Protein chains: 2
Amino acid sequence: MGTRYKGAKGEVRALNAFINLVRAAESVVGRLTPVMDEAGLTVSQFGALETLFHLGPMCQRELGAKLLKSGGNVTMIVNNLEKRGLVTRSRSGKDRRRVTVRLTRRGRVLIGRVFPVVLAGIVREMGLLGPAEQEELRRLCRIVGKRERAIGN
Amino acid sequence: MGTRYKGAKGEVRALNAFINLVRAAESVVGRLTPVMDEAGLTVSQFGALETLFHLGPMCQRELGAKLLKSGGNVTMIVNNLEKRGLVTRSRSGKDRRRVTVRLTRRGRVLIGRVFPVVLAGIVREMGLLGPAEQEELRRLCRIVGKRERAIGN
DNA sequence: CCAGAGTCGTTTAATATTAAACGATATGAC
DNA sequence: GTCATATCGTTTAATATTAAACGACTCTGG
């Protein structure tokens, strides 16, 4: 968004905060993607692998909730990861609607190799702020990002 | 990203700041989209109209730079806005490679109606923070989002 | 003038994303 | 048990997005 808007002080303040928030997120993510590209992973694919890596196996709906992606999209993301042998699908025994997604050995190896590189990038990018500033940024973002976002399916 | 990562203090701090930054941006944008949906505008279309509204006519490349979108995408965004009669294209006289995009009367009316509603939403969302906090968030985001992102075409 | 390099917008192909409709399964009220 | 309702994953159709190749145009240095 442009910054040229002339309005009440409070509006300008909110607008500027908002614009810079969105820009900062896009900017940092954009600078992290080359690492994922090298591994042949999209941001969403990386996110899925990383979630499974750190939180363990889960069903697709849960994964979609973590990634803020629609159900149909999760199906495609998992399809592509499955084709590459990075995850497996298995119907849950107790609730046969649920499909548990699980990292394979290959998937674990891949994300175990890529994640540290991405993490190093995050540390580098956020390192533009001092420790206290990073914590303050986190605090402010948590407040603003508090409420849930509804996503289809 | 999950928050379960166990690592060095600095890494955890950077990761948490990053995660909450991205989530906050997605979250706030997500809560603003219903207004744009009602007007039949995608986020990108809204961004294009808003940019033209506040900064005036400009060529597609410049628009793409503001929106952080690729050249091909700008072509499509402008195509769709043009089809709906919200903007016009015109070849520049002095540099015939350039296409100046300009709001039509209809386009100006539409964005003039929709923008205030979106702005009110932004004020509402950012209002979860006090004035000083909004300014601090802006300051931190500006630092982190400083560098440019390269985009194709 | 002119040749080469660079810029701008478009097209194309591949992928991502969403919403909506659907089939299978589970759950709850009766 | 059975029917109504809800949930989960998939499919489908429409749109968005990017990268790469391309054509038109400009500019620069001779």
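Chain letters run A, B, ... following the sequence lines, proteins first, then strands; residues in each count from 1. Everything numeric in this text was worked out from a predicted model, so none of it was measured.
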At less than 4.0 Å, is any side-chain N or O atom of [X] found next to OP1 or OP2 of [N]? Yes or no.
X: A/Ser44; N: C/dT17; value: yes
X: B/Lys69; N: D/dT18; value: no
X: A/Gln45; N: C/dA16; value: yes

Please report the shortest heavy-atom distance between [X] and [Y], naming the atom on each side.
X: B/Ala25; Y: A/Ala25; answer: CB-CB, 3.7 Å
X: A/Pro34; Y: A/Gly30; answer: CD-O, 3.5 Å
X: B/Met126; Y: A/Ala14; answer: CG-O, 3.6 Å
X: A/Leu137; Y: B/Cys141; answer: CD1-SG, 4.1 Å

#### Entry: Pairs flagged by salt bridge (charged side-chain N to carboxylate O under 4.0 Å, His left out) wherever residues 103-117 of chain A is involved - sequence neighbours left out
none

### Query
Going by heavy atoms closer than 4.0 Å, what residues in residues 91-102 of chain B are next to DNA chain D?
B/Lys94, B/Asp95, B/Arg96, B/Arg97

### Task
Check DNA chain D against residues 73-86 of chain B and give the residues with a non-hydrogen atom under 4.0 Å, in numerical order.
B/Asn73, B/Met76, B/Asn80

List for me each residue that meets side chain to side chain donor-acceptor pair (under 3.5 Å) alongside [X], sequence neighbours excluded, and say none if there are none.
X: A/Arg89; value: A/Gln60, A/Asn79, A/Glu82
X: B/Gln45; value: none
X: B/Ser44; value: B/Lys69

Send over the distance from [X] [atom1] to [N] [atom2], rounded to a whole Å.
X: A/Gln60; N: D/dT7; atom1: CD; atom2: C1'; answer: 14 Å
X: B/Arg61; N: C/dG6; atom1: CZ; atom2: C1'; answer: 11 Å
X: A/Asp37; N: D/dT17; atom1: CG; atom2: C1'; answer: 14 Å
X: B/Met58; N: C/dG9; atom1: CE; atom2: P; answer: 12 Å
X: A/Arg89; N: D/dT10; atom1: CZ; atom2: C1'; answer: 9 Å
X: A/Leu67; N: C/dT18; atom1: CG; atom2: P; answer: 10 Å

Atom pairs under 3.5 Å: protein N/O with N/O of nucleotides 2-5 of chain D:
none

### Query
Mind checking what makes side-chain contact (heavy atoms from CB on, under 4.5 Å) contact with A/Ala39, not counting sequence neighbours?
A/Leu41, A/Leu110, A/Val114

### Message
Closer than 3.5 angstrom, by distance alone: can the side chain of A/Arg91 be matched with the main-chain N or O of A/Arg96 as a donor-acceptor pair?
### Response
yes

### Check ion pair A/Arg98-A/Glu62 (N to O, under 4.0 angstrom)
no

Going by salt bridge (charged side-chain N to carboxylate O under 4.0 Å, His left out), name the residues that satisfy it together with [X], two or more places apart in sequence or in a different chain.
X: A/Arg84; answer: none
X: B/Arg97; answer: B/Asp95
X: B/Glu135; answer: A/Arg13

### Query
How bent is the helix from C/dC1-D/dG30 to C/dC30-D/dG1, comparing axes over its five end pairs at each side, to the nearest 10°?
30°

